[in-house]
Amino acid sequence: MTRRIAVTGSASGIGKALVEVLRAQGDTVIGVDREDADVRADLSTEDGRARAVAGIGAGPLDGVVACAGVSAPDPVTVSVNHFGVVRLLEGLRPVLAAAPNPRAAVVGSIAGTQPVDQAVVDACLRDDEPAALELARAAVANGTGNRLYPSSKSALAQWLRRAAVTEEWAGAGIPLNAVAPGVVLSPMVAPLVADEEMKAVMDRAVPMPLNGYAQPAVIATALSWLISTGNTHMTGQVIYVDGGADATLRGPGVF
């Protein structure tokens, strides 16, 4: 049966790879991105999020995967990676709930296990975007803007685990999960990989003993299973598709 799936960040990287996987298996895909997409929307803004929800929700919806993300040491990273994802999923949840086998997934990151700006994370989990952005601007000003990406992904993972088991999600029969990649050879990472010094930093921060850096299609394959009809009982999970980085960094005592 053909399913209708929405994918944000569809113009590049993991999102683009997922679109290709889903279309190859016969699904209808609605791509969302700032350019080169079926629905053009900027998920860092309320208007853009509303435009995305309206564009996607104009028909039946069997699944949604939030792949759009930003890694810059800038407040926009918090807006896109956390609030953009949460607002989109919350806006589409009623449409998903009407489908016979609805599914939802997001792209997290192993960075979510790294040091964060706890005040930013707390503001995200209070659903207070103005406060989160004010704190993010302060972090940039005091030289800790590099913690905004981990903070956004940590907050997203915690929101997901909290929301997934509620009546609105699990109670409505909607599995909600995340894939947390290690280093993925996407356009966002390409400049870092090309810089030998930065590559060495990444290798220390995200050691990947199993097969090294991943291609976007690897993450797309994991996401495609999470939103498949075969996934009937997995929800609230953050799946590390990271070449063993999480197990290396946090050890066997965290599972």
Side-chain angles (χ1 to χ4, degrees), residues 1-10 14-15 18-19 22 27-33 37-69 78-108 124-129 132 152-180 222-239:
M1 176 182 290
T2 298
R3 302 169 75 222
R4 187 172 181 266
I5 312 292
V7 177
T8 71
S10 61
I14 295 169
L18 180 59
V19 170
L22 295 175
D27 292 325
T28 298
V29 181
I30 308 96
V32 181
D33 215 312
D38 303 300
V39 178
R40 296 186 181 186
D42 181 352
L43 297 178
S44 71
T45 70
E46 289 288 4
D47 286 347
R49 297 162 193 165
R51 187 177 305 112
V53 169
I56 295 168
L61 186 65
D62 299 289
V64 59
V65 185
C67 297
V78 176
S79 287
V80 174
N81 295 1
H82 182 77
F83 293 99
V85 174
V86 171
R87 295 284 187 271
L88 181 85
L89 291 177
E90 289 178 337
L92 292 173
R93 186 183 53 75
V95 187
L96 280 172
N101 293 289
R103 303 286 185 267
V106 309
V107 174
C124 288
L125 294 175
R126 292 195 308 270
D127 201 29
D128 189 342
E129 187 169 9
S152 69
K153 293 297 188 177
S154 175
L156 180 60
Q158 292 178 66
W159 172 85
L160 180 145
R161 286 181 60 78
R162 183 175 66 191
V165 293
T166 63
E167 187 65 23
E168 290 78 11
W169 289 93
I174 312 171
L176 172 61
N177 295 285
V179 168
L223 288 165
S224 70
W225 184 83
L226 286 177
I227 61 164
S228 72
T229 57
N231 175 23
T232 59
H233 282 76
M234 182 185 289
T235 197
Q237 300 303 304
V238 179
I239 311 300

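Nothing fancy with the numbering, it's 1 onward along the sequence. These numbers were taken from a predicted model, which means no experiment stands behind them.
Of the possible polar contacts, one joining the Thr8 side chain to the Ala68 backbone as a donor-acceptor pair under 3.5 Å is found. The backbone N or O of Asn81 lies less than 3.5 Å from no partner atom in the side chain of Ser152, so there is not a single donor-acceptor pair. One N or O on the side chain of Lys153 and one on the backbone of Val107 form a donor-acceptor pair closer than 3.5 Å. In this structure, the side chain of Asp27 does not engage the main chain of Val29 through any donor-acceptor pair within 3.5 Å. No donor-acceptor distance shorter than 3.5 angstrom exists from the side chain of Asn177 to the backbone of Leu226, with no hydrogens or angles considered. For Ser10 (side chain) and Ala37 (main-chain N/O), no donor-acceptor pair under 3.5 Å exists by modelled atom type.
Considering only heavy atoms from C-beta on, Leu125 comes within 4.5 Å of Gln158 through its side chain. Considering only heavy atoms from C-beta on, Leu88 comes within 4.5 Å of Ile56 through its side chain. With a 4.5 Å cut-off on side-chain heavy atoms, Val78 and Cys124 count as touching. Using a 4.5 Å cut-off on side-chain heavy atoms (C-beta onward), Arg87 and Leu92 make no contact. Leu22 is listed as a side-chain neighbour of Ile227, based on a closest heavy-atom distance under 4.5 Å. At a threshold of 4.5 Å between non-hydrogen side-chain atoms, the residues Val95 and Val53 do not count as touching.
Under the side-chain contact (heavy atoms from CB on, under 4.5 Å) criterion, Leu160 pairs with Val106, Leu176, Ala178, not counting sequence neighbours. Here Arg4 pairs with nothing under the salt bridge (charged side-chain N to carboxylate O under 4.0 Å, His left out) rule; sequence neighbours left out.
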Trp159 vs Asp127, side chain to side chain contact (heavy atoms under 4.5 Å, CB included): CA-CA, chis, key distance, verdict: CA-CA 10 Å; Trp159 172 85; Asp127 201 29; over 6 Å; no
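Nearest heavy-atom pair across Val238 and Ala157 is CG2-CB, 4.0 Å. The shortest heavy-atom contact between Val85 and Ala66 is CG1-CB, 3.8 Å. Smallest separation of non-hydrogen atoms from Leu223 and Cys67: CD1-SG, 4.1 Å. For the residue pair Ile174 and Pro102, the shortest heavy atom distance occurs at CG1-CG, 3.7 Å. Closest non-hydrogen pair, Pro175 versus Gly173, comes out as CD-O, 3.3 Å.
Between the CH2 atom of Trp225 and the CZ atom of Arg103 there is a distance of 9.0 Å, given to the nearest 0.5 Å. Considering OG1 of Thr235 and CD of Gln237, their distance stands at 8.0 Å, rounded to 0.5 Å. Rounded to the nearest 0.5 angstrom, Arg49 CZ and Phe83 CZ are separated by 8.0 Å. Here Ser228 contributes atom OG and Asp62 contributes atom CG; the two are 12.0 Å apart, rounded to the nearest 0.5 Å. Rounded to the nearest 0.5 angstrom, Leu61 CG and Arg93 CZ are separated by 13.0 Å. Rounded to the nearest 0.5 angstrom, His82 NE2 and Glu129 CD are separated by 8.5 Å.
Side chain to side chain, Asp47 and Thr45 fail the donor-acceptor criterion of an N or O pair below 3.5 Å.
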